Structures are given as structure tokens and as C-alpha cells.
**Student:** 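One structure coming up, written as C-alpha cells, with questions to follow.
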Amino acid sequence: MSALADRLAAVQGSIADAARDAGRHPSEITTIVVTKFQPAALVAELAALGVRDIGENRHQEAQAKAAELAALELRWHFIGQLQTKKARQVRAYASAIHSIDRPGLVDALRSDEASVDCFVQVNLTDDPARGGVAPEGVEALVERVLATPGLRLRGLMAVAPLDEPPRPAFARMRLLSERVQQTAPDATALSMGMSHDFHDAILEGATHLRIGTAITGNRPVAG
Ligand SMILES: *Cc1c(COP(=O)(O)O)cnc(C)c1O
């Protein structure tokens with residue numbers, strides 16, 4: 001097996017172990033392999049190994065890879081901060097957008113075409129630069145997504161804070177998700193868990209993991 005296949009199999013094994021620890025079935029969990037900064041050839045290798053869900057955080061890079069690999073029929077997940085003026089272009093190739101963080105972006109994504117899956121991104125820190133809406137703002141943003149044609153609210157997304165252990169932060173997301181489901185019963189998904197914290201995320205109910213380097217190896221240096 002290639003190193004890539006080895007790492008993918010190891011991560012899949014750890015995900016299955018964590019699901020068992022949590023009393024959950026691994027089939028409830030979608031693993032999105034994050035390939036930002038990686039060449040399209042690596043995405044094609046992943047596809048050959050059975051990966052269907054790919055995560056990217058920069059529009060131009062994602063758009064180019066999605067076009068080059070269109071024949072593979074992958075599901076592209078947009079996970080980075082999204083400029084309002086790029087919103088419609090991202091809709092064109094993305095199956096899901098995980099970074100809905102402000103009303104203007106919701107409005108820019110309005111469409112009469114087929115719905116795109118959406119996650120409202122929550123900022124679990126006090127630092128606005130980290131992306132996402134503050135927990136107090138989640139409810140209003142959820143209502144706006146629900147009222148906007150062309151968007152299908154799947155649930156919430158978050159990145160664990162750097163300055164506290166991930167598990168309590170993921171537990172806060174679980175509670176927030178339960179609250180959101182009182183207004184949006186279909187918004188059951190939780191996009192959380194990366195290379196170094198996916199075990200804790202699974203224990204707190206993650207349904208969509210976004211895993212990069214643990215599977216791809218180190219990212220090439222930007223530029
Ligand atoms: C890069 C990135 C990931 C994956 O990070 P790894 O540590 O490489 O697993 C997940 N989510 C977001 C939003 C990212 O930007």
C-alpha cells in the first residue's frame with residue numbers, strides 16, 4: 001500500500017474506534033478529506049482509494065480542482081471564509097458550504113436552483129478573526145438560512161479553540177445544536193473534528209469530520 005493509503009486506513013480505523021467508544025455507528029459519520037494546498041493529483045489518488053468527500057478552503061483553488069476532476073463526481077465541501085462576491089461561484093461546484101457566518105452571505109447564496117447544503121459556522125473563541133458567528137448570533141442566522149430559497153440547513157460547524165481542550169468546546173456545540181433543532185428539526189449535522197481532535201469530536205456527536213494532514217501528510221508550503 002502507498003503511504004497515503006496507509007494513513008487513510010489508519011484514520012478510518014481510529015474513527016471506527018472512536019465511534020465504538022461513543023456507542024455510535026461509523027456509518028453516521030462522514031469523513032471529508034481536506035486537500036487545501038495539495039495538487040489535484042492527490043485528490044485523484046484519494047478518489048481511487050474510495051474517498052468521495054473533499055474539503056477546500058480557498059475558492060480559486062477549489063474551483064480549479066473541481067473543474068479538473070469533474071469526471072470523478074466528488075462532493076466538494078467549501079470550508080473556508082467566503083467572500084460575498086464569490087458566493088454564487090462556489091454554489092456552482094460545492095455540494096456543501098460549511099462556513100455560513102453572516103446575513104450578507106446567506107442573502108448572496110439565495111437561488112431558485114437546486115439547494116446547496118449549508119452549515120452555520122460558530123466561533124467558539126472571543127477572537128472575531130477566527131471566523132464564524134458568536135453563539136448568541138446563531139439563532140438569528142439559522143432563521144435567515146431557513147427563510148432563504150436554495151439553501152438546505154444541515155447543521156452547525158466549528159473549529160476547536162487553540163487555548164482550551166477541544167472536548168468541552170465540542171460539548172458546547174452539541175448543546176447549541178440541540179437548541180437549534182427546536183427551530184430547525186432537520187439541522188442535525190455537526191461539522192467538527194480535525195486531524196488532532198476528531199476522537200473528541202466523535203464523542204460529542206460530530207457527523208462530519210474535516211481531516212487534512214492526518215490523511216494527506218504535511219501540506220506543501222503556500223505560495
Ligand atoms: C485545514 C482545515 C481543516 C483540516 O485541518 P487538519 O489539521 O489538516 O486536519 C479542517 N477544517 C478547516 C476549516 C480547515 O481550514
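Model, not experiment: these values are computed from the prediction. One-based numbering, in listed order, for ligands and for the atoms of each.
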**Student:** Does V34 sit in a hydrophobic cluster with other residues, and if so which ones, taking ILVMFWY side chains as linked at heavy-atom separations under 4.5 Å, directly or through other members?
**Tutor:** I79
**Student:** What's the shortest distance from atom 9 (O) of ligand 1 to any protein heavy atom, and which residue and atom give it?
**Tutor:** S195 OG, 2.5 Å
**Student:** I need the atoms of ligand 1 closer than 4.0 Å to a non-hydrogen atom of I211, numbered in the order shown.
**Tutor:** 9 (O)
**Student:** Check ligand 1 against I79 and write out every atom of the ligand that is under 4.0 Å from a heavy-atom position of the residue.
**Tutor:** 11 (N), 12 (C), 13 (C), 14 (C)
**Student:** Side chain, backbone, both or neither: which part of H196 comes within less than 4.0 Å of ligand 1 when only heavy atoms are counted?
**Tutor:** neither
**Student:** Which of the atoms of ligand 1 are close to R219, meaning less than 4.0 Å from one of its heavy atoms?
**Tutor:** 1 (C), 8 (O)
**Student:** H208 vs F119 aromatic rings, parallel, tilted or perpendicular, using cut-offs 30° and 60°?
**Tutor:** perpendicular
**Student:** Starting from atom 11 (N) of ligand 1, locate the nearest protein heavy atom and write down its residue, its atom name and how far away it is, to 0.1 Å.
**Tutor:** R210 NE, 2.9 Å
**Student:** Please name all residues satisfying side-chain contact (heavy atoms from CB on, under 4.5 Å) with R167, sequence neighbours left out, ordered by chain then number.
**Tutor:** D200, L203, E204
**Student:** Pairs of nitrogen or oxygen atoms closer than 3.5 Å, one from G212 and one from ligand 1: do any exist?
**Tutor:** yes
**Student:** Starting from atom 2 (C) of ligand 1, locate the nearest protein heavy atom and write down its residue, its atom name and how far away it is, to 0.1 Å.
**Tutor:** K36 NZ, 2.6 Å
**Student:** Test your reading of the model: is there a side-chain donor-acceptor pair from T31 to the backbone of L209, 3.5 Å cut-off?
**Tutor:** no
**Student:** Where is the tightest heavy-atom contact between G217 and Q38, given as atom of each residue plus distance?
**Tutor:** O-NE2, 3.8 Å
**Student:** Quick check against the 3.5 Å criterion: does K36 have a side-chain atom that pairs as donor or acceptor with the backbone of G80?
**Tutor:** no
**Student:** Specify the protein heavy atom at minimum distance from atom 5 (O) of ligand 1: its residue, its atom name, and the distance to 0.1 Å.
**Tutor:** M194 CE, 3.5 Å
**Student:** Centres of the F78 and H59 rings: under 6.0 Å?
**Tutor:** no
